[in-house]
Amino acid sequence: MATERFSSPPATSQEENALFLDILHEAPLFAHRKPARIVGSVFYCILLAGYTTLAVGAEWIFRPVRELISPVLCSCDVLLMLLTGIFQQYLVYQVHKIRLQGYYSFSQKLKFIVRIPFAITAYGTAAMLLVILWKPYTGFLSISAILRIIMVVEALCAGCFMCLYIGYIHQYNSLNSHPDVLKYHDGRLSDQQMALLQYQRENLHFLSEEILRLQESLSKYERTDDRSTPQVDLAHLLAARDQELRTISAEMNQVQSELRLARSLIAERDSEIQRVRMTNNQYVEENERLRAILGEWSTRAAKLERALEAERMSNIELQRKISVQRNQTHVESNDHGA
């Protein structure tokens, strides 16, 4: 029965394993890829548009109560930051689903983009706080005008990145190719292998559901009277799904072994770096000690030079005195002789 094959799959030969282990040439399933939704992104863009409209028309909207313009604008900015934080979690969840579908490069691009709108709103809130704090020194423009400018710039920047996100999602939904996690790109090998491992687990889950569905269909057709052609077709499909399941399992085992190997290599590199750092520290300490010795010898040499200079000057003075004494003695002898 196919149920027994699913619960305990038979051992495959080395030729079959070698055939199915090459993940770069035999790609897993991608037909079950689910398109990402952009409804939330469009709703957020509409929210930004309303936020910009409020900032531009605040002077006319709140004309009867001008003293409430600044508090209302600041409150709206804080509310936008809170909504952006909630919306960011939703976008992170969408990016995580794309990563599980096997599109690693898209998830890496979107992971950076989805965090920018919240950072922009946080910077805008901080700018508003600074404007309120430095209110006495902003005489060239009114407080409400500065706050409205900050809100418009904030909304435009966040909207640009949201449009970029929607463009990437549209490109992802229109793809008709195998997941890019099967190709090794430049970057961290461990992250790519982990993404591939997660993708293989998703494939295993999908194939398990397909096998269960086909088993139920096969059991239903086996209970009918005319079951020749449907039973053969379903058995063939079930065998193909079972073979693909074994393929994915072998590929996942290979990726796990490669990940363990990469981690061991990283650990060896780290230990080598630690040894090099220790050796470098020893060289630095030895260099400092030699510099201290050189400085001490330089000091001694300077002292010795000063002592030699003093001795030389003393000798010159002594020779001068001896010369004067000899001249005096010679003069006295001449005087006695006369």
Side-chain angles (χ1 to χ4, degrees), residues 24 81 85 88 92 95-96 99 104-134 137-138 150 153-154 157 161 164 180-181 183-198 254-328:
L24 296 178
M81 185 178 67
Q88 176 180 305
V92 169
V95 173
H96 181 67
R99 181 187 179 94
Y104 180 78
S105 62
F106 269 96
S107 65
Q108 289 298 103
K109 294 176 183 177
L110 296 177
K111 184 173 67 174
F112 171 73
I113 295 175
V114 296
R115 288 177 169 83
I116 294 180
F118 181 77
I120 292 174
T121 54
Y123 291 147
T125 305
M128 285 188 170
L129 178 61
L130 290 176
V131 169
I132 297 299
L133 290 177
W134 291 87
Y137 306 98
T138 56
I150 293 174
V153 173
E154 179 183 344
C157 293
F161 283 100
L164 183 62
D180 54 18
V181 75
K183 303 175 182 178
Y184 287 96
H185 307 281
D186 295 332
R188 296 184 60 184
L189 184 61
S190 300
D191 289 345
Q192 295 169 355
Q193 288 180 334
M194 184 60 67
L196 180 59
L197 185 60
Q198 292 174 350
Q254 183 192 19
V255 171
Q256 287 177 342
S257 62
E258 290 178 355
L259 184 58
R260 287 193 296 268
L261 178 61
R263 287 177 177 173
S264 63
L265 291 176
I266 291 173
E268 292 178 1
R269 295 296 183 186
D270 290 338
S271 61
E272 291 179 1
I273 291 173
Q274 292 295 331
R275 287 196 297 269
V276 170
R277 286 179 179 174
M278 292 177 61
T279 305
N280 187 37
N281 293 333
Q282 292 177 357
Y283 283 140
V284 170
E285 293 176 357
E286 185 67 18
N287 190 16
E288 293 294 333
R289 188 179 67 83
L290 292 177
R291 285 183 178 178
I293 294 173
L294 182 60
E296 183 180 357
W297 280 104
S298 299
T299 305
R300 290 182 180 180
K303 290 181 179 179
L304 183 59
E305 287 179 358
R306 288 195 296 269
L308 289 175
E309 184 66 22
E311 185 67 23
R312 188 176 66 82
M313 296 299 295
S314 176
N315 289 335
I316 293 174
E317 184 66 24
L318 182 60
Q319 289 177 1
R320 188 180 63 81
K321 289 180 179 181
I322 291 172
S323 150
V324 171
Q325 187 69 26
R326 283 179 180 177
N327 291 334
Q328 290 177 357

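Computed from a predicted structure; not experimentally measured.
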Counting only pairs under 3.5 Å, give me each side-chain donor-acceptor contact of residues 292-299, with atom names and distances, residues two or more places apart or in other chains.
unit_1: E296; atom_1: OE2; unit_2: R300; atom_2: NH2; d: 2.9
unit_1: S298; atom_1: OG; unit_2: L294; atom_2: O; d: 2.8
unit_1: T299; atom_1: OG1; unit_2: G295; atom_2: O; d: 2.9

Please enumerate all residues that pass side-chain hydrogen bond (donor to acceptor under 3.5 Å, both in side chains) together with Q274, with sequence neighbours excluded. none
Only pairs at least two apart or in different chains count here, so list each side chain to side chain donor-acceptor pair (under 3.5 Å) that has a residue in residues 279-288. E286-R289
Using the side chain to side chain contact (heavy atoms under 4.5 Å, CB included) criterion, which residues pair with L261? Sequence neighbours excluded. S264, L265
Euclidean distance, S323 OG relative to L318 CG, rounded to 0.5 Å: 11.0 Å
Holding to side chain to side chain contact (heavy atoms under 4.5 Å, CB included), I want the full list of residues that pass it with Q325, two or more places apart in sequence or in another chain. Q328, T329
Between CD1 on residue I316 and CD on residue Q319, distance to nearest 0.5 Å: 7.0 Å
Run the side-chain contact (heavy atoms from CB on, under 4.5 Å) test on M278 and R275 for me, step by step, so that the C-alpha distance in whole Å, both residues' side-chain angles and the decisive distance to 0.1 Å come before the verdict. CA-CA 5 Å; M278 292 177 61; R275 287 196 297 269; 5.5 Å; no
Does E272 have any salt bridge (charged side-chain N to carboxylate O under 4.0 Å, His left out) partners at least two apart in sequence or in another chain, and if so, which? R269
Taking all non-hydrogen atoms of both residues into account, name the closest pair between I150 and G124 and its distance. CG2-O, 3.8 Å
Residues that R306 engages under side chain to side chain contact (heavy atoms under 4.5 Å, CB included), provided they are two or more places apart: A302, K303
Shortest non-hydrogen pair, F118 vs Q88, comes out as CB-OE1, 2.9 Å
Can you sort out the partners of I120 under side chain to side chain contact (heavy atoms under 4.5 Å, CB included), two or more places apart, ordered by chain and number? I116, E154, C157, F161
Enumerate the residue pairs fulfilling salt bridge (charged side-chain N to carboxylate O under 4.0 Å, His left out) with a member in residues 312-324, sequence neighbours excluded, ordered by first and then second residue. E309-R312, E317-R320
Spacing of R277 atom CZ and D270 atom CG [to the nearest 0.5 Å]: 8.5 Å
Applying side chain to side chain donor-acceptor pair (under 3.5 Å) as the test, list every pair that has at least one member in residues 112-129; sequence neighbours left out. D77-T125
